[in-house]
Amino acid sequence: MRHFQFYNPVKILFGAGQIANIAGQIPQGSKVMMTYGGGSIKKNGIYQQVTKALSGFEYVEFSGIEPNPCYETLMKAVEIVRKENVDFLLAVGGGSVIDGTKFIAAAAYFEGEDPYAICTENAKVRKAVPFGAVLTLPATGSEMNCGGVISRRSTQEKFAFSSRQTFPRFSILDPTVTLTLPKRQRANGVVDAFVHVTEQYLTYPVQADLQDRFSEAILHVLVDNGLRYVDEPEDMDAASNIVWACSMALNGLVAAGVPEDWGTHLIGHEITALTGLDHAQTLALVWPGLQAEMMEEKKEKLLQFGKRIWQVDRAEEAICKTEEFFRRLGEGTRFSDYPQVSDPQAVIEQIVARFKERGTLLGERSDIDYAKVRRILESRK
Ligand code: NZQ
Ligand code: ZN
């Protein structure tokens, strides 16, 4: 096990009805901005619950944060925060709204010229507006971490940032909010959390036994509950387990002191930036290709994963079983499953060219170069 710091200050309020307790989490007298997406929260009663809970506060609303939140949209919110002297943000939504709100929080106090430098140049976030979150879609773990991924429409880019200043102060995890989620978003959530764990687990052994066992526990919970969660929306036991597993998959717990890959994610972000495919769809597509390409380098952990998660003895079988699981959830795992991507070859060429130009090296050993990325993507047609 390598050196590590472990820090996670996010307070979690878990369970049905917890939205009513928001007021006690926000400092008295705050001027609040509630941020949300395209309006799903108005159809399922979450908006009504949140505004009721905020009734003792002065607040403004900012809606229209889109999936894969855009810099262009978020900067409009930054203007309002500055003009209206907002001093607390409340994100009500999935990963996109929460990530977008983190960016708004950081950009509002950013002193340089262009706050997107937080994402592209690793510009330091010295101060951010405090914020909380009401999670409506278990998937990303954004509700319990300090990272965000922001797209820029004008350049078709998608880059991540993270800062200790952008941890939520609290997050409300009420599993009943999942009742109105479409099937596609349910499958997306399970796949995203599964891949978050493998990015921090399927690398090489460092004798971090507890982190391995935590990872395997989260994977088992996703496998045991995933299909029920996707097919039986009313099953609140399955939903509760999925919500908690998603938060634990990317909150620092399984990353402590272990090598991390993130190759599948970084290739996936490029696919989303160029095609608009959902984040988790890109993961399901890239994952089997990356594992197959890196099978020798990852052999020990792939064998452990195969044995402990799928009860199989070979690395190839472990990869196959995982792809089958993604497909049973309803997620496409090849470009051909996404006819909306009309020219996969053109997408592959653009991604390879971007990585070549940037000199990007991915993976836990920084040994996935643009040539390997080409092989990975070519294998997914
Ligand atoms: O916009 P609204 O109306 O809210 O609708 C959303 C959206 O259309 C809808 N939805 C959310 N909750 C719902 C609901 N519909 C019905 N009932 C509900 N309860 O679902 C759609 C997708 O929402 P989105 O927030 O985009 O999905 P997700 O949570 O999967 O977030 C994806 C974003 O998070 C980033 C991704 O890159 C992507 O931009 N990620 C963030 C991470 C992080 N901060 O740690 C890590 C991840 O790896 C990921 O990269
Ligand atoms: Zn993800």
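First listed ligand is number 1; within each ligand, the first listed atom is number 1.
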Taking 4.0 Å as the limit for heavy-atom contacts, which would you say applies to His196 with ligand 1: side chain only, backbone only, both, or neither? side chain
Between ligand 1 and Pro69, can you find any atom pair, the residue atom being a heavy atom, that is separated by under 4.0 Å? yes
Should the proximity of Leu250 to ligand 1, defined as any heavy atom under 4.0 Å, be assigned to the side chain, the backbone, both, or neither? side chain
Under a 4.0 angstrom heavy-atom cut-off, which atoms of ligand 1 come close to Asn44? 17 (N), 18 (C), 19 (N)
Thinking salt bridges, do Glu316 and Lys321 make one under a 4.0 Å N-O criterion? no
List the steps, then state whether side-chain hydrogen bond (donor to acceptor under 3.5 Å, both in side chains) holds for Asp99 with Ser142. CA-CA 7 Å; Asp99 283 11; Ser142 186; 2.6 Å; yes
Measure across Ala16 and Pro175 and return the closest heavy-atom pair with its distance rounded to 0.1 Å. N-CD, 4.1 Å
Check Glu293 with Arg375, please: is the shortest side-chain N to carboxylate O separation under 4.0 Å? yes
Would you please indicate yes or no on a ring centroid separation below 6.0 angstrom for Tyr7 and Phe167? yes
Is the gap between the ring centers of Phe326 and Phe194 under 6.0 Å? yes
Kindly identify the option in Asp174, Asn188, Asp99 whose heavy atom sits closest to atom 43 (C) of ligand 1. Asp99
If you look at Asp192, which of its N/O/S atoms is nearest to the Zn ion (ligand 2)? OD1
Is there a heavy atom of Gly147 sitting under 4.0 angstrom from any atom of ligand 1? yes
Please list the nearest protein heavy atom to atom 5 (O) of ligand 1 with its residue and the distance rounded to 0.1 Å. Ser40 OG, 3.6 Å
Ligand 1 contact by Lys158, heavy-atom criterion under 4.0 angstrom: yes
Polar contacts were defined as any N/O atom of the residue lying under 3.5 Å from an N/O atom of the ligand; does this apply to Ile46 and ligand 1? no
Closest heavy-atom approach to atom 24 (P) of ligand 1 among Gly94, Pro67, Ser96 is made by Ser96
Which segment of Asn145 sits under 4.0 Å of ligand 1 when only heavy atoms are counted: side chain
Using a 4.0 Å cut-off to any heavy atom of Ser142, which atoms of ligand 1 qualify? 43 (C), 44 (N)
Ile41 versus ligand 1: do any nitrogen or oxygen atoms come within less than 3.5 Å of each other? no
Could you check whether any side-chain N or O of Asp192 sits under 3.5 Å from a backbone N or O of Asn188, counting only pairs where one atom can act as donor and the other as acceptor? no
Counting each atom of ligand 1 from 1 as listed, which ones have a heavy atom of His265 under 4.0 Å away? 48 (O)
Check whether more than 12 heavy atoms from other residues, nucleotides or ligands sit under 6.0 Å from atom CD of Glu72, and answer yes or no. yes
When you measure from the heavy atoms of Asp192 to every atom of ligand 1, does any distance fall below 4.0 Å? yes
Candidate with minimal heavy-atom separation from atom 13 (C) of ligand 1, of Leu181, Thr178, Leu137, Thr140: Leu181
Using 30° and 60° as the class boundaries, would you call the ring planes of Trp244 and Phe14 parallel, tilted or perpendicular? perpendicular
Distance filter under 4.0 Å to Thr136 heavy atoms, resulting ligand 1 atoms: 11 (C), 12 (N), 13 (C), 18 (C), 19 (N)
Does ligand 1 have an atom under 4.0 Å from some heavy atom of Lys43? no
Just heavy atoms, cut-off under 4.0 Å: does Glu66 contact ligand 1 by side chain, backbone, both, or neither? neither
Vertex the Zn ion (ligand 2), rays to NE2 in His279 and NE2 in His265 - rounded to 10°: 100°
